[in-house]
A.B. asks: 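My questions will all concern the structure given below.
Sequence lines set the chain letters: A, B, ... in the order given, protein chains first and strands last, and positions in each chain run from 1.
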Number of protein chains: 2
Amino acid sequence: MSYKGYLIDLDGTMYRGGTAIPEAVAFVHELKKRNLPYLFVTNNSTKTPEAVASHLRGFSVPADEKHVFTSGMATAAYLSEQKPNARVYIIGETGLRAALSQAGHVEASQGVDYVVVGLDREVTYEKIKRASLLIQQGATFIATNGDNAIPSEEGLIPGNGSIVAAIATASKTQPIFAGKPESIIIEQAIDVLGTTIEDTLMIGDNYQTDILAGIHGGLDTLLVYSGVTSEEDLQSVKVRPTFTHRSLAEWNLFD
Amino acid sequence: MSYKGYLIDLDGTMYRGGTAIPEAVAFVHELKKRNLPYLFVTNNSTKTPEAVASHLRGFSVPADEKHVFTSGMATAAYLSEQKPNARVYIIGETGLRAALSQAGHVEASQGVDYVVVGLDREVTYEKIKRASLLIQQGATFIATNGDNAIPSEEGLIPGNGSIVAAIATASKTQPIFAGKPESIIIEQAIDVLGTTIEDTLMIGDNYQTDILAGIHGGLDTLLVYSGVTSEEDLQSVKVRPTFTHRSLAEWNLFD
């Protein structure tokens with residue numbers, strides 16, 4: 001099958017921890033050679049696109065900041081559609097703050113339109129309290145992503161879903177999620193790529209995030225068995241990925 | 001009806017915010033006069049019993065630290081039954097830390113038997129991470145109480161249920177709750193009071209916490225309409241309180 005644009009997950013798809021997946025790296029080189037647009041789509045909102053691209057170049061992946069789309073950028077773009085130059089209370093790190101600011105949104109701690117929550121490894125009771133109070137006062141609650149836990153050298157550590165749970169519990173309000181498996185990040189990424197839903201393929205290793213996001217966005221999907229989801233895991237899913245492959249070496253761009 | 005011991009809620013039952021409820025204060029004076037044992041039972045784990053008693057004496061309620069039983073003390077007593085002198089990682093404030101220490105438990109941050117979580121207005125990502133990792137390593141997860149939010153001058157601010165939600169989400173583990181509406185706090189309070197389930201009355205203003213805790217513990221219950229729960233609210237409950245009254249002036253100790 002031939003697609004005009006590719007959305008590609010990072011961890012488990014392009015690399016595993018500190019090790020590149022060679023078939024995936026070769027695949028992206030091939031995309032670049034053929035001038036096929038691609039965008040790396042990540043739920044990680046803590047880094048700027050330049051930092052993510054730099055990390056990818058360390059694995060010899062052809063990538064600059066234009067090739068990266070984070071859940072923070074998806075949130076900022078979504079907000080711009082809803083309310084340009086919004087006043088936003090932010091829980092998050094550098095990447096999220098930069099994405100919101102670059103999209104023209106203004107950080108504030110009172111009288112805000114939105115409470116935007118991304119992973120913040122310096123989150124405190126005061127921040128959770130402030131977010132909960134602002135949501136109770138009418139601000140719309142948006143989360144970059146809902147990942148419950150993230151792998152680290154110490155084991156599984158709290159992801160943004162953990163911080164969101166604290167705020168949702170205190171404010172009795174569920175957020176809108178921008179990241180995978182929701183479709184907002186996919187819709188915004190396609191806008192950036194300049195392709196259409198029909199012409200774009202979503203590639204990832206995690207059925208529950210990458211593939212479901214593609215399905216929710218109406219895209220064809222390719223699951224690679226290089227990370228989280230195994231063939232066995234797929235036996236219980238309702239909607240299968242459009243394609244499954246051992247590795248991206250099996251994907252023929254000429255098919 | 002005549003009972004030999006009384007468990008009594010605080011906020012909404014003895015006082016509302018900074019104002020005493022006179023009928024309740026008179027009721028406790030009457031208990032004291034008749035030498036009927038009573039224990040104030042609170043989900044607040046942040047204060048020591050002496051601090052709670054001092055606050056009550058400010059409302060002219062006859063109370064010293066022996067009359068106070070917090071969710072932190074219930075947790076400490078419960079732990080002592082399960083594993084005396086346990087190693088415990090603590091998220092919480094002065095009251096919880098003192099209760100655990102006085103019961104012989106040892107605070108530690110590695111190789112612990114239990115992770116005990118109470119309201120901590122200085123909770124951080126690092127504490128939530130540490131708790132999550134220890135639970136994943138096999139520590140038993142215990143929460144003093146699950147109150148989602150607590151009233152304050154600023155509005156409803158995050159309660160311990162909010163912190164617990166963050167840890168439960170990251171560790172994919174639900175805690176054992178000691179506080180109301182669970183029965184652990186009631187069972188431990190009766191132990192302290194020296195009465196029996198049949199001889200003890202639970203009094204409170206909140207059906208969802210006080211009365212349900214009494215019901216779960218097998219006690220007779222008295223709901224006073226001086227706080228959270230209204231007569232209308234009771235129309236939808238499965239199990240009604242044993243008694244309901246406008247105020248404790250209507251409760252006749254000679255009946």
A.B. asks: Do you know the tightest heavy-atom contact between Ala166(A) and Ala166(B)?
C.D. replies: CB-CB, 4.0 Å
A.B. asks: Can you check whether chain A and chain B share any donor-acceptor pairs under 3.5 Å, and give the atom names and distances if they do?
C.D. replies:
{"unit_1": "Val123(B)", "atom_1": "O", "unit_2": "Tyr125(A)", "atom_2": "N", "d": "3.1"}
{"unit_1": "Tyr125(B)", "atom_1": "N", "unit_2": "Val123(A)", "atom_2": "O", "d": "3.0"}
{"unit_1": "Tyr125(B)", "atom_1": "OH", "unit_2": "Pro158(A)", "atom_2": "O", "d": "2.6"}
{"unit_1": "Lys129(B)", "atom_1": "NZ", "unit_2": "Glu154(A)", "atom_2": "OE1", "d": "2.7"}
{"unit_1": "Gln136(B)", "atom_1": "NE2", "unit_2": "Leu156(A)", "atom_2": "O", "d": "2.8"}
{"unit_1": "Glu154(B)", "atom_1": "OE1", "unit_2": "Lys129(A)", "atom_2": "NZ", "d": "2.7"}
{"unit_1": "Leu156(B)", "atom_1": "O", "unit_2": "Gln136(A)", "atom_2": "NE2", "d": "2.8"}
{"unit_1": "Pro158(B)", "atom_1": "O", "unit_2": "Tyr125(A)", "atom_2": "OH", "d": "2.6"}
{"unit_1": "Ser162(B)", "atom_1": "OG", "unit_2": "Ala166(A)", "atom_2": "O", "d": "2.7"}
{"unit_1": "Ala166(B)", "atom_1": "O", "unit_2": "Ser162(A)", "atom_2": "OG", "d": "2.7"}

A.B. asks: Looking at Ala170(B), Gly159(B), Gly155(B), which has the largest count of heavy-atom pairs under 4.5 Å with chain A?
C.D. replies: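 Result: the option with the highest number of such pairs is Ala170(B).
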A.B. asks: Kindly write out the residues that satisfy side-chain contact (heavy atoms from CB on, under 4.5 Å) with Ile150(A), not counting sequence neighbours, or none if the list is empty.
C.D. replies: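 Scan of Ile150(A) (side-chain contact (heavy atoms from CB on, under 4.5 Å), adjacent residues dropped) gives Leu119(A), Ile157(A).
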